[in-house]
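What follows is one structure encoded as structure tokens, with my remarks underneath.
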There are 2 protein chains.
Amino acid sequence: MSSTTDAEPSPEARAPRPRGRARRGLPEGSGLSSSSGRRAPSVTGRVFSILEAFDGDHRALTLTEIARAAALPVSTAHRLVGELAAWGALERGPDGAYRIGLRLWEVGSLAPRSVGLRERAMPILEDLYEAVRQNVQLAVRDGHEIVYVERLAHPEAVRVFSRVGGRWPLHPTAVGQVLLAYAPPVVQESVLAERLAAYTSRTITDPAVLRRVLAAVRRDGVAVCDGMIDLAALSVAAPVRGEDDTVVAALSVVVPSPSEGGGIEPRTLVPAVRAAARGISRALGAPTALRSDAVPRAEGRRAES
Amino acid sequence: MSSTTDAEPSPEARAPRPRGRARRGLPEGSGLSSSSGRRAPSVTGRVFSILEAFDGDHRALTLTEIARAAALPVSTAHRLVGELAAWGALERGPDGAYRIGLRLWEVGSLAPRSVGLRERAMPILEDLYEAVRQNVQLAVRDGHEIVYVERLAHPEAVRVFSRVGGRWPLHPTAVGQVLLAYAPPVVQESVLAERLAAYTSRTITDPAVLRRVLAAVRRDGVAVCDGMIDLAALSVAAPVRGEDDTVVAALSVVVPSPSEGGGIEPRTLVPAVRAAARGISRALGAPTALRSDAVPRAEGRRAES
DNA sequence: GGCTGCCTTCCGTTCACCGGAAGCAAAGGA
DNA sequence: TCCTTTGCTTCCGGTGAACGGAAGGCAGCC
């Protein structure tokens, strides 16, 4: 043990990510502070809790709102927010509200798992987008969730709930199922042991079923989710592999669900999605994607095009 | 003064951004610490200097490298980096090096001036990209620099040096000239008073010339830069306006320079670029872009309100 | 006027942060 | 094999940076 460099999936070992506490609003009336004493009283921790006050539904907050969301005294929030704004991590609009600043976005743009991946995937994503004229999504896994790294949405395509930078659980999304199917066993078991939330009547909530689905995904190299988050949408996803041939991301196309009268036969999308995913893998330098003969494994040609 | 809410370009008033000190390497051998005493000894400041250690050319750093770049003792850097990594602002690879983490990118994605703008501009950018099959860029101004918010590059297009999240000075780029032309007078004067760096023999370095160019940009609603950063590239840019009708971004197309034997006559691009910029303005709710007859307006602005 | 909500400034107390030093581990060189 | 180098991690006592209550200033509203 203790060997820092080699085997041992250290990044996997990271705790399943706390995920914001009850997130905003503190609806549970009880005493706010103290409680479990789970305060992280380091300056850095306070700064993070300020940043966490912002999310997709709260892009502009006043000082008081920040203080409330971050559970900090106003005077403390005032000082820290001042420093953040001076550096450019936050920006203050003419209305007095704070927003995430350009500078923070800028350093965020250096994250290899998002922008680095995105840059190389973009041309292929666009080709796929042009071909299907629907929603095209690229996501990575972080802990027990997926994070959307890129999303191309056709104005007339079926509406989806994802957002660049947004998070979703693994089990009800096609990208999530792919990422989970190829995740380290520890992660899989840990997810299977959790409660699987239902979003629609079709969401998989039974661990045994999910386990079978994951096996099928590994066998076929493709995941298909019909109406598991939104009854009107169906998505098809395939794995993207990196330099060491591990699955680093997943690509998906979202189309209207045929059960809802959508026009597209999902099976016709499979080859296109698989090919695009493979193209991205190649751009990333994945060994199996470089060998021209390598077929994702089994099932390779039987899928009638 | 002191009135917080109304007139007064508070965001403009922000200092011209320090821009990293000597940036990395500390080549000057002299005694490191103390020196000018220009240390910002707050915890938050130290955290920022750690984040600043990362840039486009340094996306993966070891602890020691971070400590050196941030001018911090290793033990201090170790503690702070540990906190950053625990939260997800940094990630540690199997090689032991730190990179910018997904979590930081995620909150960065909430910045209205980058992603918010990008999301609404994307469809139009893609149309333009499909039409010209060259480089298409979207940028905003931050202080005395432009920041590229999005960039679509055709594989066969002329090579450009920009990068999403990258910074460049205002005067040698078409987007920069547009953003400067419509910037508040204080900013313009302040830029004109600085030394204008030359990148090629064609870069504008004379303030008087730049002043005339800016006037022309305001008159025409378009900027054209031929070989000012790279002799082989020519770019055409137009302003994008926001809800309050101020210029919030600029859009450009980069093509091979005709003087270098490139095939495209730049003037043919002007209508397309202008139309696309107008389309984005409309998507953002800009009043003049909504009125169907409104022409970008000649010399229209005036320090309103 | 009185009230409420929000932002800002001040200042004495204290505890979290600091960073030198020492201990480890791995890589290289003789 | 031993020694050196380089880089990472842990420890711990002193101290000054951070904390947050309190008070003051705006607006807007009843």
Side-chain angles (χ1 to χ4, degrees), chain A residues 1-8 10-11 13 25 32-34 37-50 53 58 60-87 90-99, chain B residues 1-8 10-11 13 25 31-35 37-50 53 58 60-87 90-99:
Chain A
M1 54 228 44
S2 81
S3 77
T4 43
T5 52
D6 56 7
E8 180 198 8
S10 85
L32 47 117
S33 62
S34 67
R38 177 40 29 69
R39 191 78 266 115
S42 87
V43 184
T44 322
R46 288 172 222 247
V47 167
F48 290 147
S49 61
I50 287 177
H58 305 83
L61 298 173
T62 67
L63 176 61
T64 316
E65 287 170 329
I66 293 174
R68 200 158 29 220
L72 293 173
V74 187
S75 63
T76 300
H78 179 253
R79 177 169 28 84
L80 294 177
V81 161
E83 282 191 277
L84 288 168
W87 185 72
L90 297 181
E91 288 178 6
R92 186 160 205 189
D95 55 350
Y98 293 92
R99 287 152 235 270
Chain B
M1 44 238 50
S2 83
S3 79
T4 43
T5 50
D6 56 8
E8 179 197 8
S10 84
L32 47 118
S33 63
S34 67
S35 62
R38 178 39 31 66
R39 193 74 270 117
S42 86
V43 184
T44 322
R46 289 173 222 247
V47 167
F48 291 147
S49 62
I50 287 178
H58 305 84
L61 299 173
T62 67
L63 177 61
T64 315
E65 287 170 329
I66 293 175
R68 199 157 33 218
L72 293 173
V74 185
S75 62
T76 301
H78 179 252
R79 177 168 29 85
L80 294 177
V81 161
E83 282 192 276
L84 287 168
W87 185 71
L90 297 181
E91 289 178 4
R92 186 160 206 190
D95 55 349
Y98 293 90
R99 288 154 234 270

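Letters A, B, ... mirror the listed sequences (proteins, then strands); counts begin at 1.
Computed from coordinates, the A:L63 CG to D:dC26 C1' distance equals 15 Å when rounded to whole Å. Put simply, CZ on A:R79 is 12 Å from P on D:dA17, counting in whole angstrom units. Taking atom CD of residue B:E83 and atom P of nucleotide C:dC18, one finds them 9 Å apart after rounding to whole Å. We find that CG of B:D95 is positioned 16 Å from P of C:dA26, with the value rounded to whole Å. At whole-Å resolution of the value, CG in A:L84 and P in D:dA18 are 13 Å apart. Regarding A:I50, its CD1 atom lies at a distance of 13 Å from the P atom of D:dA18, rounded to whole Å. Between A:L80 atom CG and C:dT8 atom P the separation is 14 Å, expressed in whole Å.
For the residue pair A:A53 and A:L61, the shortest heavy atom distance occurs at O-CD1, 3.4 Å. Taking each heavy atom of A:A60 and A:R99 in turn, the nearest pair found is CB-NH1, 3.4 Å. For A:T44 against B:E83, the heavy-atom pair with the smallest separation is OG1-OE1, 3.1 Å.
Not counting sequence neighbours, A:R79 has no partner by the salt bridge (charged side-chain N to carboxylate O under 4.0 Å, His left out) test.
Relative to the side chain of B:P73, the nucleotides C:dG19, D:dG21, D:dC19 differ in distance, and C:dG19 lies closest. Residue B:Y98 places its side chain closer to D:dT9 than to any other of D:dT9, D:dA18, C:dC6. For A:S75, counting side-chain heavy atoms from C-beta on, the closest listed nucleotide (C:dT8, D:dT10, D:dG21) is D:dG21. Taking the side chain of B:H78 as heavy atoms from C-beta on, and the options C:dC17, D:dC19, D:dT9, the nearest nucleotide is D:dT9.
By the 4.5 Å heavy-atom criterion applied to side chains, A:T62 and A:D95 are not counted as neighbours.
Annotation: of the two residues near DNA chain C, A:T44 and A:V74, the 5′-most nearest-nucleotide partner is A:V74.
Under 4.0 angstrom from either OP1 or OP2 of C:dG19 there lies at least one side-chain N or O belonging to B:T76. Residue B:R68 places none of its side-chain N or O atoms closer than 4.0 Å to OP1 or OP2 of D:dG7. Note on A:R46: a side-chain N or O is less than 4.0 Å away from OP1 or OP2 of D:dG20.
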